[in-house]
Every structure is written in C-alpha cells, then in structure tokens.
Amino acid sequence: MSKKVRVRFAPSPTGGLHLGGVRTVLYNYLFAKKYGGDFLVRIEDTDQSRYVAGAEEYIFETLKWCGLEPDESVQHGGEYGPYRQSERKASYRQYAEKLVNDGHAYYAFDTTEELEKMRHDLKSAENHSPQYDHTVRLKMRNSLTLSPEEVNTLLKLETRHVIRIKMPDHENISFIDMIRGEVHFDSSLVDDKVLLKADGMPTYHLAVVVDDYLMKISHAFRGEEWLPSAPVHILLWKYLFGLENMPKWAHFPLILGPNGKLSKRDGAKFGFPVFAMNWTDPKTNELTEGFKEKGFLPEAFINLLALLGWNDGTEQEIFSKEELIQKFSMERVHSAGAKFDYEKAKWFNHEWIKQSGVGGLESGVKTLLVQNDITVNNDALLHKVIELVKDRCVLLSDFVNQSSFFFKAPETLDVDAVKPKWNDDKKNFFIAYSEKLQSVGEWNALALENSFKELAVEKAIKPGELQLPFRIMLVGGKFGPPVFNIAELLGKEETTARINKAINLFV
RNA sequence: GGCCCGUUCGUCUAAGGGUUAGGACACCACCCUUUCACGGUGGUGAUACGAGUUCGAAUCUCGUACGGGCUACCA
C-alpha cells in the first residue's frame with residue numbers, strides 16, 4: 001500500500017456547489033497539499049435520475065475559480081481512473097456478490113409496494129420510520145427467507161432485485177474520527193442498506209468503499225451528515241478489503257444558515273450568496289447567486305471558508321492559500337457546526353481588497369466597468385483610480401460606484417445637498433476658481449487645494465463650505481475620495497468643464 | 001420515536017484544571033476627516049442548567065435541557 005496521502009473530493013453533479021461543499025474540497029485540498037499528497041476529484045453520479053446537465057462542468061469551473069483544482073497528472077495521468085462512477089459500473093456487482101456469497105449480504109426481491117406496505121404497517125408512535133433491519137428482514141421476500149431454488153429461479157428470470165447488507169446483531173462498531181475521536185455504534189440499530197440497486201448501479205455506500213480502495217485513498221473526509229452511515233462503510237471495509245486498509249476518517253461540522261443546515265433557499269431568503277459561482281438550474285431556470293458574481297475575490301472566499309470551522313490557534317485571521325496549506329491541521333477543525341455570517345464574510349473580502357495590489361485588481365475592475373458601460377481607455381488612469389479608491393470597496397462591485405465618475409461625468413448631481421446653502425457669493429467663487437485653474441502651475445492635489453483655499457480666503461468664505469459643492473460638481477454625490485485628489489486625476493479640462501456645467505444647477 | 005454529533009459574547013472563535021475568560025465581525029461612543037469610507041481609542045456583551053471529581057473546573061465524569069444531522073433502490 002502506498003504511503004502517500006491521497007484524498008478525494010466526491011461531489012454529486014446535482015446542481016450547484018454550496019459553501020459546505022466548497023469547504024469540504026478546501027479542507028481536503030489543504031490536507032493533501034500540506035503532506036505533499038494527491039488530491040483528486042471523483043464524480044458520484046450513480047443516481048442518473050438526479051444528474052443535472054452542466055453540473056459537472058460547473059463543479060470544475062468552481063474549483064478553478066477557487067484555485068483548488070486537482071493536479072492534471074493526478075486526475076488523469078494515474079492508473080486509478082475513470083473518475084466518474086457511472087463509468088465504473090461494471091466493477092461494483094462482483095463485490096456485492098462476493099458479500100452475498102460470504103453471507104454478509106443478500107438478494108432482496110421486495111417491490112416498492114411491498115416496502116411501502118411494510119413501512120406503513122410497522123409505523124407507530126414509538127417508531128416513526130421503520131427500517132428494513134434484523135427485526136423485519138425475515139418477514140420479507142429475500143434470499144434469507146426464500147429457498148435457494150426459488151432464489152435461483154427468480155435470478156434466472158431477471159426479476160428486479162437489490163442486494164442489501166446483512167447488518168450483524170449487536171456488534172459494537174467503532175472507529176476513530178480525526179476530529180471527534182472514538183465514535184461507537186450498535187449494529188442492531190442500523191438498517192440493511194441497499195448496496196446494489198435494481199438498475200445495477202451501486203449506492204453511495206458500496207461505491208465509496210470500492211472506489212476508495214481501488215483508488216488507494218488514504219484519508220476520507222466528508223460532511224457530518226455522513227456520520228450515521230459510517231458503520232455500514234466500516235463493515236464493508238471489514239468484509240471486502242480489511243479494516244487495516246481503511247482510510248482515516250474525519251467528518252466536518254456542518255455550515256449552518258439562520259435556521260439549520262445552510263440551504264440554497266437561505267440565500268434568496270436572507271440576501272446572501274450560498275454558491276461559489278452563479279448557477280442556473282437548467283430545468284427551472286432558477287438562478288442561485290454566487291460569491292464570484294457578487295464581487296468576492298477567490299482568495300477572500302477561500303480564506304473565510306477556511307476560518308468557518310478552523311483556526312490556527314493564534315489571532316491571525318487573514319491567510320493566503322499558501323499559509324493555509326502550511327498551517328492547516330485536521331486536529332484543529334471544530335466539531336461543532338458553524339453559522340455562516342455574511343457580514344463577516346464581507347469583512348474578509350474588504351481586507352483582501354485593501355491588501356491587494358493594483359495589478360491583482362485591475363482586470364476584474366476593468367471588466368466590471370465595461371459591463372457597466374464605462375469606457376476605460378487609459379490604463380495609467382485606471383491604476384491611479386484603483387489605488388485611490390480600493391480602501392472604500394468591500395465588494396468588487398463597489399468599484400463601479402466608486403470609480404465610474406473618473407471616466408464619465410455624472411449624469412445627475414445631488415443638487416439638494418447643495419441648494420439650501422448656495423448663494424451668489426459661492427457661485428462667484430466657483431466662476432473665479434474655474435478661471436484660476438487655467439493658470440495653476442503644477443496640476444496636483446496639493447496645488448489645487450492651496451489655490452482653492454487662497455481664493456476662499458480672498459473671497460472671505462470658509463473653504464469647508466465650498467468643498468461639498470465642489471465634490472457634488474465632480475462626483476455627483478456625497479461619496480468618494482478627497483476632492484482634490486479627484487480633481488487631480490480628472491485633469492484641468494474635465495475639472496473646469498464639470499464646474500462650469502454645474503454652476504447654474506444649484507439655484 | 002430511534003440512533004449519532006454538538007453546546008464559551010448576537011455571530012466566528014481563543015483559553016487542552018489555576019487568566020480581571022482573550023481576539024475578530026456586528027453594534028454603541030469618542031478621535032481623525034467640513035463627503036463617504038479607511039484608520040485610531042474606548043465600551044456593551046459569553047462559559048445552557050444541575051450534580052459529581054478536585055485545594056481549585058469553561059476545561060474531566062454523569063444527568064437534564066436545547067440545537068443539529070441521519071433514519072430512501074439520494075448523495
């Protein structure tokens with residue numbers, strides 16, 4: 001057995017990839033990279049009825065945006081493919097049949113109606129959902145109750161059937177979870193899960209064990225919702241490949257929404273994204289908004305996700321991917337679920353925007369401006385604008401409001417903010433200032449401010465009272481960086497043009 | 001109902017028997033700024049409850065309560 005760490009992310013292509021899913025990939029990825037191991041992606045698509053067109057491509061696009069792609073040589077270069085379970089169909093049945101032959105599983109011929117009847121008849125106040133377990137299996141139609149001849153006949157006639165695991169009576173099943181420590185189960189309380197479906201496809205339970213063995217997975221990490229089925233998987237390992245070959249397990253805590261497990265609906269309901277990237281359901285045309293489109297930087301997204309359930313024990317909160325790889329440890333992953341807080345998520349993004357260099361922001365900002373019909377034909381100006389404005393942008397999309405007026409004169413001005421205190425003296429000041437600007441020697445913020453103040457003193461008006469009108473003239477509203485910096489970047493021609501145009505609008 | 005996991009400020013969390021229970025987000029106040037932010041300083045605010053072990057418990061044990069997950073021929 002290879003000593004190398006091999007972990008996998010195993011999504012089912014049923015549409016979208018939410019926070020919990022991305023965090024699962026992240027932790028898998030970080031763990032693999034930390035120990036110099038392999039990270040691969042296996043697609044769990046054994047339920048063809050739930051497969052959504054485009055969902056698999058979407059998953060890989062998301063991983064790409066997040067920077068969590070599997071190494072090409074691992075994903076496609078190894079001898080462990082294929083990576084789509086539907087393409088591995090042929091190999092599963094033999095394992096299921098081996099289990100039957102060894103007495104650990106059995107054929108079950110019950111029809112859907114018979115199963116429904118059983119559940120209905122056995123349902124009571126003490127038992128909300130009756131299971132197909134050791135107490136009922138001898139009352140059903142399966143190879144445990146039928147004679148070998150009958151079973152053979154049914155199989156020869158290709159009667160629809162499944163293969164179920166035969167859970168042992170009162171066996172204590174336990175394993176060590178890397179996050180939670182020792183976890184115990186009583187096998188009598190677990191039902192006889194279907195391993196091979198009537199269509200010949202394996203269920204997740206069989207597939208995950210067989211694939212993990214065949215792909216030599218050394219560590220298997222997944223969400224906490226899988227904890228209850230762990231005893232089935234452990235038994236399968238014991239019966240099929242030996243407990244000593246079983247991967248080490250860890251079950252991540254759930255990411256919670258305002259009420260319970262975070263769901264797709266929470267996003268629409270509470271106004272925050274729950275998917276990494278926009279996802280449009282091809283069947284319903286319903287759009288679920290993504291962090292990417294909302295204006296998040298992938299670095300910030302990864303960072304905030306990593307800290308939702310893990311920390312390095314210090315007070316550091318901002319981590320690059322490289323730092324996360326270096327500092328991540330499974331032992332420090334929490335065992336309790338974490339409620340997602342959008343405000344904190346935005347804070348992470350703000351921090352990342354502030355510490356990003358102009359170069360890292362440039363292309364994103366540019367496409368955003370272009371999308372909003374702003375023409376950017378001066379990259380040098382764009383650089384200066386980004387530098388000047390980025391501290392006040394929480395989301396990438398904030399760059400639109402914060403910087404479009406540098407490239408395009410505001411269409412409407414917030415005249416109401418100026419009108420009440422506007423008078424002829426102020427009007428005359430701006431007429432004079434506009435003229436004075438023509439002879440300013442060096443066009444920079446400091447010079448502009450000095451000449452502005454000189455003129456104000458000359459006209460006996462407090463400079464402070466003139467700054468807001470000036471801002472409204474240039475920007476259109478009460479926001480943005482310091483006015484004189486704006487004027488500097490706008491240039492002489494544009495600044496005077498905006499002043500002259502606005503002067504008569506405040507009456 | 002049964003099984004499993006969990007429980008420190010509103011939220012994310014630190015503190016692995018001895019701390020005035022620390023930090024961050026959010027909130028409030030003040031400072032900076034005659035725009036909006038950034039930034040700075042300070043503040044409100046938590047060990048679910050009850051027993052036990054111990055000189056000493058947020059920390060270990062048990063019980064209770066509460067929360068979450070699972071209970072499909074879905075993953």
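Predicted model, so just to flag it, every value in this text is computed and none were measured. When reading the values below, keep in mind they use all heavy atoms of this one structure, side chains included, and skip hydrogens, waters and symmetry mates. Just so it is clear: chains get the letters A, B, ... in the order the sequence lines come, proteins before strands, and each one is counted from 1.
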Is the base of B:C28 syn or anti, if syn means a glycosidic angle within 90° of 0?
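It is anti.
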Watson-Crick or G-U wobble mate for B:C3, both contacts under 3.5 Å:
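Paired with B:C3, as far as the under-3.5 Å criterion goes, is B:G69.
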Identity of whatever pairs with B:A29 - Watson-Crick or G-U, under 3.5 angstrom:
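Base partner found: B:U41.
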Side chain A:H161, main chain A:T159, donor-acceptor under 3.5 Å
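Side chain of A:H161 to backbone of A:T159: a pair is present.
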What contact category does [X] fall into here, base, sugar-phosphate, or nothing, at under 4.0 angstrom with non-hydrogen atoms?
| X | value |
| --- | --- |
| A:S335 | sugar-phosphate |
| A:G309 | sugar-phosphate |
| A:K354 | sugar-phosphate |
| A:F340 | nothing |
| A:R222 | nothing |

Considering only atom C1', compute the distance from B:C25 to B:C74 and round it to an integer number of Å.
37 Å
Distance between the C1' atoms of B:G45 and B:U11, in whole angstroms?
12 Å
Going by the rule side-chain hydrogen bond (donor to acceptor under 3.5 Å, both in side chains), which residues pair with A:R119 if we only count those two or more places apart in sequence or in a different chain?
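side-chain hydrogen bond (donor to acceptor under 3.5 Å, both in side chains) list for A:R119, sorted by chain: empty.
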